[in-house]
There are 2 protein chains.
Amino acid sequence: MRSLPVIDCCAPLAGPVPSAEEAEATAALFRALADPARVRIVNLLARSDEPVCVCEFVPMLALSQPTVSHHLKKLADAGLLEREQRGRWAYYSLARDAVRRLASLVDFQEVSA
Amino acid sequence: MRSLPVIDCCAPLAGPVPSAEEAEATAALFRALADPARVRIVNLLARSDEPVCVCEFVPMLALSQPTVSHHLKKLADAGLLEREQRGRWAYYSLARDAVRRLASLVDFQEVSA
DNA sequence: TCAATATATAGACGGACGTCGATACGACCG
DNA sequence: CGGTCGTATCGACGTCCGTCTATATATTGA
């Protein structure tokens with residue numbers, strides 16, 4: 001079993017005073033992006049219209065296959081990536097709505113409701 | 001001596017393929033926000049028109065004064081906070097332009113120039 | 001059903017990070 | 001000039017994290 005993706009729990013940086021849980025969830029979301037390998041993964045997916053096979057990430061990142069799998073899982077657990085099984089291959093894509101919410105988290109124009 | 005704030009070096013999540021240094025700088029920026037105490041600090045500053053005294057953060061975060069100072073330094077090193085000395089008190093405020101650039105990093109609508 | 005292939009999980013190891021108490025630094029005030 | 005107060009730095013300690021190798025799981029094809 002796995003708890004809710006952090007993207008579903010976190011509060012905007014600007015906005016009302018966050019609870020302890022909200023502050024932790026927001027921090028966890030940023031933590032998901034706090035690694036250069038994961039930044040690259042998101043960047044590749046952002047530039048791709050199609051889901052991308054795990055076997056493409058491995059040579060691009062120059063990391064071992066288990067390490068790449070580890071990073072993909074972190075991003076998926078955060079709710080930023082979606083996984084799709086195609087035969088024996090796994091394809092990952094950006095969770096576009098999650099990305100929209102990520103953008104809203106760092107929007108300082110927003111009214112602090 | 002201190003190197004450039006990471007906010008000056010990092011590349012947008014969507015956008016052209018980042019170099020190793022850009023991916024690391026972008027990750028470092030998210031790392032600066034990857035702690036609930038720092039999320040709270042930014043939140044308080046976002047809701048405040050005036051710079052905020054260190055002595056206000058300490059009770060709010062319920063952390064020791066050295067720990068709070070440590071978090072403030074991390075955010076300032078990232079380029080997200082500005083420090084101002086007023087007598088024996090130190091005041092911190094949001095670096096509004098840095099915050100604008102942070103928002104642009106997570107903007108996936110942007111053209112990948 | 002067995003071998004091969006793609007991905008995920010487990011376990012170990014080293015380094016980074018958050019936290020603290022103790023202390024140094026710096027500015028104000030008698 | 002000496003004391004006090006606010007903040008920053010130092011050093012230590014425990015935990016988390018990224019990485020690897022080895023192995024398990026799952027899917028395909030013969």
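Here is how names work: the chains are called A, B, and so on, in the same order as the sequence lines, proteins then strands, and each is numbered from 1.
- Taking all atoms of both residues into account, the shortest heavy-atom contact from A:Ser104 to A:Pro12 is O-CB, 4.2 Å.
- With respect to the salt-bridge test (charged N to carboxylate O, under 4.0 angstrom), the residues A:Arg31 and B:Asp35 do not qualify.
- The residue B:Tyr91 sits apart from the nucleic acid: no heavy atom pair falls under 4.0 Å.
- Put simply, CG on A:Leu61 is 13 Å from P on C:dT7, counting in whole angstrom units.
- B:Leu80 is not listed as a side-chain neighbour of B:Leu45, based on a closest heavy-atom distance of 4.5 Å or more.
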* Structure fact -> Counting primed atoms, P, OP1 and OP2 as sugar-phosphate and everything else as base, the B/S/- map of nucleotides 25-30 of chain C against protein heavy atoms under 4.0 Å is --SSS-

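- Between A:Phe108 and B:Ala46, the closest heavy-atom pair is CE2-CB, 3.6 Å.
- A side chain to side chain contact (heavy atoms under 4.5 Å, CB included) with A:Tyr92 is found for one member of A:Val54, A:Leu44, A:Ile41 and no other, namely A:Val54.
- One can place CG of B:Asp77 at 12 Å from P of D:dA8, the figure rounded to the nearest angstrom.
- Residue whose closest nucleotide on DNA chain D sits further toward the 5' end, between B:Val54 and A:Trp89: B:Val54.
- Taking both residues in full, the closest heavy atoms of B:Arg86 and B:Pro51 are given as NH2-CG, 3.5 Å, listed atom of the first, atom of the second, then distance.
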Please list each protein N or O that sits under 3.5 Å from an N or O in nucleotides 16-20 of chain C, with the distance.
residue, atom, partner, partner atom, Å
C:dG18, OP1, B:Arg38, NH1, 3.2
C:dG18, OP1, B:Arg38, NH2, 2.7
C:dG18, OP2, B:His70, NE2, 3.4
C:dG18, OP2, B:Lys74, NZ, 3.2
C:dT19, OP2, B:His71, NE2, 2.3
C:dC20, OP2, B:Ser64, N, 3.0
C:dC20, OP2, B:Ser64, OG, 2.9
C:dC20, OP2, B:Thr67, OG1, 2.8

* Check step by step if side-chain contact (heavy atoms from CB on, under 4.5 Å) holds for B:Glu82 and B:Glu84. => CA-CA 7 Å; B:Glu82 282 161 0; B:Glu84 177 190 352; over 6 Å; no

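- For B:Leu75 and D:dA8, the CG to C1' distance is 16 Å, given to the nearest whole Å.
- The side chain of B:Arg83 contributes no N or O atom lying less than 4.0 Å from OP1 or OP2 of D:dT7.
- Scanning both residues, B:Ser48 and B:Arg96, for their nearest heavy atoms gives O-NH2, 3.5 Å.
- The shortest side-chain heavy-atom distance between A:Cys10 and A:Leu105 falls under the 4.5 Å cut-off.
- At whole-Å resolution of the value, CG in A:Leu72 and P in C:dT9 are 11 Å apart.
- Atom CD in A:Glu84 sits roughly 18 Å away from atom P in C:dA6 (whole-Å rounding).
- If you measure from atom CZ of A:Phe30 to atom P of D:dC17, you get 17 Å, rounded to the nearest angstrom.
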